[in-house]
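Worksheet: one structure, shown below.
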Amino acid sequence: MHICKAMMAAVSVAGALSASAARADGTVEVLHWWTSGGEAKAVGELKKAFEAEGGEWIDSPIAGGGGDAAMTALRARVVAGNPPTAVQLKGPGIQEWAEQGALNDVQSVADEGNWDSVLPPALAEIMKYQGKYVAAPVNIHRVDWMWANPEALKKAGVEEMPTTWDEFNAAADKLQAAGIVPLAHGGQPWQDATLFEDVVLGIGGADFFRKALVELDPEALTSDMMVKSFDQLRKLRGYVDPNFSGRDWNLATAMVMRGEAGFQIMGDWAKGEFLAAGKVPEQDFLCWPTPGKGFVLNSDSFTLFKVEGEDRIEGQKVLARLIMSPEFQKVFNLAKGSIPARTDVPLDDFDACAKRSHADLLAAIENDTLVPSMAHEMAVPRSVRGEFLDLVTAFFNSDMSSEDAVKQLAAAIKRAQEN
Ligand code: BGC
């Protein structure tokens, strides 16, 4: 009897020990660029969930919208032989690091959670290298969104959200006449490129977008359609205020919140910002796709780097499992402004902007008008994206003609491809 009790006690102590050992084992150092109000709230949900599992979270935020500063920091860390455990990373960037042998896979977690059956196949492919998952997606962001202050539009006599670029220009002229900044914008290369790609989709359509910004077809890059796209970008330049240079994107969002500006063209992380400030969609702010047919896709994921030590490898598994849990996908995306990457998370508690995003995503898949974001690193290698950003920013900040812009762009892309 005694022996039995002692054995049972020993078994339960061992069980408790191994459970607590497993809990204490998970450590992650997470490199990300989510530092604005809405972003910090969203990543806070991930930290909270990870710590609730007993894991240790080491936060490595690198401020800078669009993540360019974070990517520079990442390279330095990998070169120094000290990579973070998990990194916010996307698109071809995941494959580039995988090809260098810098990543760990979490295929066992993906098998257990049956990720293949709950992710859109196109997204699942981006997360895999040689058939194994090396990253876990947290969301689907849409880049071709326009945010507006309804009061400001009313004051200026703008009655409807524009559905063509001509209508946009007409609305912007009215705002300007009413003394309201038509377009809140931050002059940083990735923000300029965000405007540019939304305009390319609107002017040229999804097939043209793909040819020019994904396949880098020289004819498309130098076409009249591309000239027209730069013409519209030039119009947009005329609608920003004189202090736009270097402004962070979330400060531009705040201009719309305050009614200083009518519109901002930005992905739906801007919605996270409105929500974090207590603003109510369809009441305090409006969301509307930028003129055009399609959906510019951007998805954040956490990529698992090659680290050593059982606690870190365990941390990667715990993190990957958490990220892909339906509960986490819901709370995270409610804060981030995006929609879940998993296709089976009910959207009942999401707002009208998220529901529209989801409906338009399905329609874009159906009509083959879903395109990957160039500005947000979903479409082309970083070196090629860098050429787009340099040229678009040079155009935005000078009086370069649209004809010169397309010539210079095509030449720069060609050089980048040859290197
Ligand atoms: C990321 C978003 C982020 C935004 C601004 C985008 O590239 O996908 O998650 O909120 O940049 O920093």
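These numbers come from a predicted model, not from an experiment. First listed ligand is number 1; within each ligand, the first listed atom is number 1.
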message: Under 6.0 Å between ring centres: does that hold for W97 and F305?
response: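 Judged by ring-centre distance (under 6.0 Å), W97 and F305 do meet the cut-off.
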message: Between F332 and W34 (judged by ring centroids, cut-off 6.0 Å), do the two rings come close enough to count as a pair?
response: yes
query: Looking at D268, T253, L251, V256, which hits side-chain contact (heavy atoms from CB on, under 4.5 Å) with E273?
result: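 That would be T253.
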- request: May I have all residue pairs that pass salt bridge (Lys or Arg N to Asp or Glu O under 4.0 Å) and include part of residues 255-266, sequence neighbours excluded?
  value: R258-E260
field: Residues which pass salt bridge (Lys or Arg N to Asp or Glu O under 4.0 Å) with E387, listed by chain and number, not counting sequence neighbours
entry: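 Residues passing salt bridge (Lys or Arg N to Asp or Glu O under 4.0 Å) with E387: none at all.
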message: Pairs of nitrogen or oxygen atoms closer than 3.5 Å, one from N298 and one from ligand 1: do any exist?
response: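 Yes: some nitrogen or oxygen of N298 is under 3.5 Å from one in ligand 1.
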Can you sort out which atoms of ligand 1 are near [X], meaning under 4.0 Å from one of its heavy atoms?
X    : value
K336 : 2 (C), 3 (C), 9 (O), 10 (O)
K90  : 1 (C), 6 (C), 7 (O), 8 (O)
G65  : 12 (O)
G66  : 5 (C), 7 (O), 11 (O), 12 (O)

message: Residue-level breakdown please: for N139 versus ligand 1, do any non-hydrogen atoms fall below 4.0 Å on the side chain, on the backbone, on both, or on neither?
response: neither
message: Please classify the E377 to ligand 1 contact at 4.0 Å (heavy-atom distances, strictly less than): side chain, backbone, both or neither.
response: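 Answer for E377: neither.
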message: Testing the 3.5 Å rule here: is there a donor-acceptor pair between the side chains of S338 and N139?
response: yes
message: Tell me whether G67 reaches ligand 1 (any heavy atom closer than 4.0 angstrom to a ligand atom).
response: no
message: Please compare T35, D248, D300 and report which has the shortest non-hydrogen distance to atom 8 (O) of ligand 1.
response: D300
- prompt: CE of M374 to CZ of F388: how many Å apart, nearest 0.5 Å?
  reply: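 Here the rounded value is 5.0 Å.
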- prompt: To which protein heavy atom is atom 3 (C) of ligand 1 closest, and what is the distance rounded to 0.1 Å?
  reply: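 Of the protein heavy atoms, E39 OE2, 3.1 Å lies nearest.
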